[in-house]
There are 2 protein chains.
Amino acid sequence: MWRTFDAVIREGSLSSAARALGLTQPTAGRHIAELEAQLSAGALFTRSARGLHATETARALAPHAAAMAAAAAALIRTASAPANAAAGVVRISASEVVGVEVLPPILATLHAAHPGLALELLLTNTTSDLLRRDADIAVRMTQPKQQALLAKSTGRIRLGFYAHRDYLARSAPIENAADLASHALIGFDRDAASLRAINAVWPDLPGFALRTDNQLAQVAAVRAGFGIGVVQDPIARRDPALFPVLRDTFIAHLPVWVVMHEDLRSTHRMRIVFDALVKGMTAHALASEG
Amino acid sequence: MWRTFDAVIREGSLSSAARALGLTQPTAGRHIAELEAQLSAGALFTRSARGLHATETARALAPHAAAMAAAAAALIRTASAPANAAAGVVRISASEVVGVEVLPPILATLHAAHPGLALELLLTNTTSDLLRRDADIAVRMTQPKQQALLAKSTGRIRLGFYAHRDYLARSAPIENAADLASHALIGFDRDAASLRAINAVWPDLPGFALRTDNQLAQVAAVRAGFGIGVVQDPIARRDPALFPVLRDTFIAHLPVWVVMHEDLRSTHRMRIVFDALVKGMTAHALASEG
DNA sequence: TAGCTGCTATACATTTTTGCATGAATATAC
DNA sequence: GTATATTCATGCAAAAATGTATAGCAGCTA
C-alpha cells in the first residue's frame, strides 16, 4: 500500500512501480486510488498518459514513506535469523575507501569464523543515517554525537603524501614542500570539506594535475605512478611500491568510530560484527604508527 | 501484520491485541502464525492459556516494529491535510510544565487564527525522539545536536525561588541562603540530573520537606502555600500571590529550543505551528527579565 | 497519417484474507 | 471440586484484494 506509493514516486508511473514491486498495474492503480480516497489531503498525483506526477502533498509524504520502508527493511534484516544466533543479515555502512581497501580482509576473517553471517556493504561518502536504519553498523570518520547510538572509538589514521617508486625514479627529488610545485599532484575536485582541510595545512596550493572527489581513484592513480597523492598511512604501507613523500609533513589524522544503534545490542550477530569491526579497525589504525 | 505483532507485544495476548486493533482474535493469531512461518528466525512467541510470551527474537524485533509504527503515524498525520493548507494534524512534544503552564495560551491564539489545525500534545519529561517521529515539533530545554533537525533558539528562562504570600506571612523572614534551612522546601525526589544541578548551586542542601519529580506538583505546592520551591520566573510572575525569595540567588537558566524535523519544512502547517511556538516561547522567555 | 509504444482505466474470474461460530484448555474465585 | 472467565485453535462462509484480459488515450517515428 504505502510501499506502492513509495515505488510510484520513485518510478514515476503505475506500470513501472508495479513491475518493481512484482504487482500488476491495476493493483497499483487501486492502491493509489484507495489512498487518495482515504486521505483527506486531496489528490496525490496528477495522471497523464505519460505516467503519474506527484503533487506537493505527495512530495511531503515521500520522506515519511521512505522512513517507513527503511524501518521495515531493518526489521526484515533483524528477523533474518534468531536473535541469539551467529547467523543472519548485517548491513554495514562505510566510506568507499574503507569498504574497498580496509574492510575486505576483516570481513573475510569474520565470515570464515561465522559462515552463517550474510554481510551487506553500503558504501557512500555521505554518512548514511543509522537512526533512519539505512544500515545496522557504520564505520565513520567523525565522532557521532547522537545519543541512542552505541559508538566506539578505534584510534585514528594518519594521512600522508605517497608516490609510486616508478614515479619517484623518473622525477626530480623532493626535499621540502616547495619542491612539490613542480610535481604531478593528485587531489580533490569539488569536495569543499576536503579542499578546506588541505588548504589549511598547505595554503599555497600549486594546483592539482589530477582532480577527482573519488578517493578510490586517487589511491589508484598513486598506485599507477601518476604522481603524488594523499593516502591513508596503513593503506599505503601495504604496497611495497609506494613510498612516503615529505614524511614529516603533517596533513591530518582521521578519527575512526564504529557505530551501532542501541536497539541492536540485544541481537547477538550485531554484536559479533560490531566487535570484529572494532578489532579490525583498531588494528588498521595502529598500522599508522611505528 | 507487523502492526499486529507490535500490538501483541504490547498487549500480551492475541485477544487483547485484536481488540486494540479492531480485528478478531483468529485473524491476529493467523498473522503471528504467518510471520513465524515466513521468518527463518524461528518462533516469536511461546503460547499459553494466559496469552503469548515474547521470545528473545521477538523482543529484538520490537523496537523496529515500533519505529515502523511511529513512521506510519507520522505519515498519517502529514497526510491529514494538503501540504499547503493551514489545516491538519500537528503533534507537539514538550515537558509537562511547558505543556500545562506555557503552551495553552500560545496554542489558543494559534488555533483561533487557524481553526483547521488539530493539535496533539505529547507531554513527557524524557525528550521524545523527533528522529523517530514520535512528534512533529518539540519544545526542548537542551540544545539539539542532531543534524537533520531544524532548530531555533528562543532565549532562556531563569529559575528562581518562590513562595506564596500566605506562606511568607506565617513564616520567619528570609534574608540569606542560610535562613532557608528552617523553611519548608519543595524539591526533587530521584531525578538525578535536577538534583545534581541544584546541588551545584546549593551544596549544603538542608533537606526537602516535599520531594517529587513531578514539576507540576512542585509548582502546585508552591501555589498552595506549602513552602518554597523553584519555579520558572515567567510562570511565577503571572501569579500575583507568588513572591520571589532570595531574588539575587542564581539557580540556573534553561535554554529553550523549538525543534522540527527537516522533512516537515515543506508542509505549510508545520511551519505555521513552528513559527507560532518560536514566537510564543520567545515572549515567554523574555518575561524572565526586567 | 499510420503504426508503434508507452501509459491508465474497467469488467470479470480467482485467490486470499477476514470474520463468525464453536470447541478445547488453563488459570482464578468461591 | 465446581463454576467462571480467560485464553488459543479450527471449520466454514462472507468479504476483500489480486490478477487477467481488454479497451482507450497520448506521444513518438517513419
Side-chain angles (χ1 to χ4, degrees), chain A residues 1-59 61-62 65 68-69 72-73 75-76 79 82, chain B residues 1-59 61-62 65 68-69 72-73 75-76 79 82:
Chain A
M1 195 83 160
W2 284 107
R3 280 185 61 202
T4 307
F5 171 82
D6 192 38
V8 169
I9 291 232
R10 262 201 316 276
E11 301 283 336
S13 81
L14 292 179
S15 306
S16 54
R19 276 194 297 273
L21 264 60
L23 302 173
T24 58
Q25 169 263 322
T27 303
R30 282 185 285 243
H31 280 171
I32 300 301
E34 194 173 338
L35 287 181
E36 289 183 325
Q38 282 178 7
L39 304 179
S40 40
L44 292 172
F45 298 93
T46 55
R47 285 104 198 286
S48 78
R50 205 163 58 258
L52 271 68
H53 188 73
T55 66
E56 194 178 345
T57 298
R59 281 199 301 278
L61 295 178
M68 219 168 93
L75 178 51
I76 299 299
Chain B
M1 198 80 160
W2 283 107
R3 279 185 62 202
T4 306
F5 172 82
D6 193 39
V8 169
I9 291 231
R10 260 203 317 278
E11 301 283 336
S13 81
L14 293 178
S15 307
S16 54
R19 277 194 297 273
L21 266 60
L23 303 174
T24 57
Q25 169 263 323
T27 304
R30 283 185 282 242
H31 280 171
I32 301 300
E34 194 173 338
L35 287 181
E36 289 182 325
Q38 281 180 7
L39 304 179
S40 40
L44 292 172
F45 299 93
T46 56
R47 286 105 198 285
S48 78
R50 204 163 61 257
L52 272 68
H53 188 74
T55 65
E56 193 178 345
T57 299
R59 281 200 301 279
L61 295 178
M68 221 168 93
L75 179 52
I76 299 298

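First the proteins, then the strands, lettered A, B, ... as listed; each starts at 1. We use all heavy atoms of the structure for the numbers below, so side chains are in, but hydrogens, waters and symmetry mates are not.
Distance, A/Met1 CE to D/dA17 P: 8 Å, rounded to whole Å. Summarising the geometry, the separation between CD on B/Glu36 and C1' on D/dA9 is reported as 14 Å, rounded to the nearest angstrom. Straight-line distance from the CG atom of B/Leu21 to the P atom of C/dT18: 11 Å, rounded to whole Å. The distance between atom NE2 of B/His31 and atom P of C/dT16, rounded to the nearest whole Å, is 15 Å. In this structure, B/His53 atom NE2 and D/dT6 atom P are separated by 22 Å, rounded to whole Å. Rounded to an integer number of Å, the gap from B/Glu11 CD to D/dT6 C1' is 15 Å. For the pair A/Leu14 CG and D/dT18 P, the interatomic distance rounds to 14 Å; values are reported in whole Å. Whole-Å rounding puts the B/Leu23 CG to D/dA15 P distance at 17 Å.
The nucleotide whose nearest atom lies closest to any side-chain atom of B/Glu34 is, among D/dT20, D/dA9, C/dT17, C/dT17. The nucleotide whose nearest atom lies closest to any side-chain atom of B/Arg30 is, among C/dC20, D/dA17, C/dT8, C/dC20. With C/dG19, C/dT17, D/dC8 as the candidates, the nucleotide lying closest to the side chain of B/Ser13 is D/dC8. Counting only heavy atoms from C-beta on, B/Leu52 has its side chain closest to D/dC8 among D/dC8, D/dA21, D/dT10. Side chain of B/Arg47, nearest nucleotide from C/dA9, D/dG19, D/dA9: D/dA9. The side chain of A/Thr27 lies closest to D/dG19 when the candidates are D/dA17, D/dC8, D/dG19.
The side chain of B/Ser15 contributes no N or O atom lying less than 4.0 Å from OP1 or OP2 of D/dT6. Phosphate proximity of D/dT7 to B/Arg19: present, with a side-chain N or O under 4.0 Å from OP1 or OP2.
Counting any heavy atom pair closer than 4.0 Å across all strands shown, A/Gly29 reaches no nucleic acid atom.
Considering CG of A/Leu35 and CZ of A/Phe45, their distance stands at 8.5 Å, rounded to 0.5 Å. Here the OG atom belonging to A/Ser16 is positioned 10.5 Å from the CG atom belonging to A/Leu21, to the nearest 0.5 angstrom. The distance from the CG atom of A/Asp6 to the CG atom of A/Leu61 is 11.0 Å, given to the nearest 0.5 Å. Between the CD atom in A/Glu34 and the CG atom in A/Leu39 there is a gap of 10.0 Å [rounded to 0.5 Å]. Summarising the geometry, atom CE belonging to A/Met68 is positioned 6.0 Å from atom CG belonging to B/Leu75; distances are rounded to the nearest 0.5 Å.
Across the interface with DNA chain D, nearest-nucleotide mapping of A/Gln25 and A/Arg50 shows A/Gln25 to be the residue nearer the 5′ end.
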